[in-house]
Amino acid sequence: MANISPVEIEQFQQSAKELQKKVSNKIHYLQTLLNAVQEHDDRLIYQLIDGENYSQEIMQAKHGTSDIGNERLLDDVTKQIGQYLSVNLLSYLKETYPFFYFEQTGLGAYQFFFGNWWDRRLFGTLDVLKVAFDFDEIEYRKLKQAFELEQENKRLNSDRIATISQQTDQLQALIDSQNERDQQKEKIRRQLKQLAQEKVLPWEAAKARESKQELVSQLSELTDQDEKAQKAYKLIHESEKEVLKLSKEDTLIGYEKQSIVARFGSFENFEARNRSLYRDYIADLIATKGRVRIEHE
């Protein structure tokens, strides 16, 4: 140590103290988390794994008290933490959202369906660590729009079904008018034959050509309609399938709307509950401290 100056010794001692403090903090953090797991204190676990969110949502603090450095110590065990926390969380969610049915897709990972009826919809995934739903944007938008359309006494697919039905009626009319078109075509062919047989004076040639072209155009239009009529049967069948699909979707969304209204009273209340889910769940954990929903060994 003879070659080390007093200044360097002081710097060494200061560095040692800072390192000891940081390591001690990390050990204390991990020990606190371990104790929380052993004592089944889910509330404290949520505070430890995401102090920033906990401070803002629960303590209403503008600046969180999280230690991101310590939280990063858990990067390789987040799935295990999610799996552990999901036990009580799923129990709570099944009571709060009785129409959601959860399916595990991996360690600590879950997706959920709306309802237990036929053709139920996959509605999103669950973020266990954030206590939040990640809704499927398309399916959620359909549900929200269905509630909005109630003001117009419409269902989600009412306009689309009406448009398809109108198109189907037009196609059916095209099929039904086949005999009439056949008669028109026969009449036009006779007229064309008659024009071909008539002798035309030079000064009447232009008029005759115009008459012939008009008849040819009419015949072409009728032939086009015949071709559309031939395809109409297939199109009508496809349209009927589409209407059935849309009607089924309206029926399913109707079930979903009834479920939400029965549980929350309105879609607005449902959305408000989703926004406050983290706070509500932490409050429930605080209120039920000392008794867990699922018996732990």
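Summarising the geometry of Leu149 relative to Arg155, their closest heavy-atom pair is CD1-O, 3.5 Å, with the distance given to 0.1 Å. Here the closest heavy-atom approach between residue Thr168 and residue Ser239 is recorded as OG1-CB, 3.5 Å. Of all non-hydrogen atoms in Ser266 and Ile260, the two that sit nearest each other are O-CG2, 3.9 Å. Nearest heavy-atom pair across Asn274 and Tyr97 is OD1-OH, 2.8 Å. Of all heavy-atom pairs spanning Arg263 and Glu95, the tightest one is NH2-O, 3.5 Å. The heavy-atom pair separating Ile282 from Arg43 by the smallest distance is CG2-CG, 3.9 Å.
Leu252 has its side chain out of reach of Phe114: every pair of non-hydrogen atoms, C-beta onward, lies at least 4.5 Å apart. Here the side chains of Arg279 and Tyr54 are not in contact, with every heavy-atom distance at 4.5 Å or above. With contacts defined as side-chain heavy-atom distances shorter than 4.5 Å, the pair Leu73/Lys26 qualifies. At least one side-chain heavy atom of Leu74 sits less than 4.5 Å from a side-chain heavy atom of Leu30. Counting only heavy atoms from C-beta outward, the side chains of Met59 and Ser55 approach each other to under 4.5 Å. You'll find the side chain of Leu19 stays beyond 4.5 Å of the side chain of Lys21, heavy atoms only. Considering only heavy atoms from C-beta on, Lys142 comes within 4.5 Å of Glu249 through its side chain. When side chains are defined from C-beta on, Arg121 counts as touching Glu256, because their heavy atoms get closer than 4.5 Å.
For the atom pair CD (Glu57) and CG (Asp50), the distance works out to 9.5 Å, reported to the nearest 0.5 Å. Note that the CG atom of Leu93 and the CG atom of Leu277 stand 6.0 Å from one another [nearest 0.5 Å]. To the nearest 0.5 Å, atom OG1 of residue Thr96 and atom CG of residue Asp280 are 8.0 Å apart. Taking CD1 of Ile27 as the start and CD of Gln20 as the end, the distance is 10.5 Å to the nearest 0.5 Å. Here the CD1-NZ distance, from Ile236 to Lys241, works out to 14.5 Å after rounding to the nearest 0.5 Å. Note that OG of Ser247 and CG of Leu156 are 11.5 Å apart. Values are rounded to the nearest 0.5 Å.
Arg120 places a side-chain N or O within 3.5 Å of a backbone atom of Gly115 that can act as its donor or acceptor partner. Checking side-chain atoms of Ser158 against main-chain N and O of Lys154 turns up no donor-acceptor pair under 3.5 Å. Side chain of Gln151 to main chain of Glu148: no donor-acceptor pair is present (N/O by atom type, distance under 3.5 Å, no hydrogens or angles). Side-chain atoms of Asp250 come within 3.5 Å of backbone N or O of Asn157 as a donor-acceptor pair. Looking only at distances, a side-chain donor or acceptor of Tyr281 sits under 3.5 Å from a matching main-chain atom of Leu89.
Hydrophobic clustering of Ile, Leu, Val, Met, Phe, Trp and Tyr side chains at less than 4.5 Å, counting indirect connections, unites Leu129 with Phe133. Both Phe102 and Trp117 are part of a single hydrophobic cluster, where members link through side-chain heavy atoms under 4.5 Å apart. Put simply, Tyr255 and Phe113 are part of two different groups of oily side chains (I, L, V, M, F, W, Y) that touch within less than 4.5 Å, one to the next. Residues Val261 and Ile253 are members of one and the same hydrophobic cluster, defined by side-chain heavy-atom contacts under 4.5 angstrom among Ile, Leu, Val, Met, Phe, Trp and Tyr. No path of Ile, Leu, Val, Met, Phe, Trp and Tyr side chains, each step under 4.5 Å between heavy atoms, connects Leu34 with Tyr84, placing them in separate hydrophobic clusters.
None of Thr32, Val37, Leu285, Leu33 except one satisfies the side-chain contact (heavy atoms from CB on, under 4.5 Å) rule with Leu44; the exception is Thr32.
The hydrophobic cluster around Leu246 extends to Ile161, Ile164, Val243, counting ILVMFWY residues whose side-chain heavy atoms fall within less than 4.5 Å of a member.
In summary, the side chains of Ser91 and Asn88 do not present any donor paired with an acceptor at a separation below 3.5 Å, with no hydrogens or angles considered. Inspection of the Gln145 and Arg141 side chains reveals no N or O donor paired with an N or O acceptor under 3.5 Å.
Remark: Ile138 CD1 is loosely packed, at most 12 non-hydrogen atoms of other residues, nucleotides or ligands lying under 6.0 Å away. Within 6.0 Å of the CD atom in Glu137, the count of heavy atoms belonging to other residues, nucleotides or ligands does not exceed 12.
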Audit row: Phe123, Phe135, ring pair (Phe, Tyr, Trp, His ring centres under 6.0 Å) steps and yes/no: CA-CA 6 Å; Phe123 218 61; Phe135 291 107; 5.7 Å; yes
Salt bridge (charged side-chain N to carboxylate O under 4.0 Å, His left out) between Asp119 and Lys248, intermediate numbers included: CA-CA 9 Å; Asp119 283 350; Lys248 285 183 177 180; 5.1 Å; no
Test side chain to side chain contact (heavy atoms under 4.5 Å, CB included) applied to Leu244 and Glu240, step by step: CA-CA 6 Å; Leu244 179 60; Glu240 289 174 344; over 6 Å; no
Test log, rule side chain to side chain contact (heavy atoms under 4.5 Å, CB included), inputs Gln111 and Leu126: CA-CA 6 Å; Gln111 62 184 12; Leu126 172 65; over 6 Å; no
Leu122/Glu139 under side chain to side chain contact (heavy atoms under 4.5 Å, CB included): CA gap, chis, key distance, verdict: CA-CA 8 Å; Leu122 179 60; Glu139 300 300 339; over 6 Å; no
Chi angles and distances behind the side chain to side chain contact (heavy atoms under 4.5 Å, CB included) call for Ile49, Leu85: CA-CA 11 Å; Ile49 64 175; Leu85 291 173; 4.0 Å; yes
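Taking the six-membered ring for Trp and thresholds of 30 and 60 degrees, Phe99 and Phe264 have ring planes more than 60 degrees apart, a perpendicular arrangement. The aromatic rings of Phe267 and Tyr140 lie tilted to each other, with the angle between the two planes from 30° to 60°. Below 30°, between 30° and 60°, or above 60°: for Phe270 and Phe100 the angle between ring planes is above 60°, a perpendicular geometry.
In this structure, Lys130 fails the cation-pi test against Tyr278, since its NZ or CZ atom is not both closer than 6.0 Å to the six-membered ring centre and inside 45 degrees of the ring normal.
Applying the side-chain contact (heavy atoms from CB on, under 4.5 Å) rule to Gln104 yields the partners Gln83, Tyr110; only residues at least two apart in sequence or on another chain are considered.
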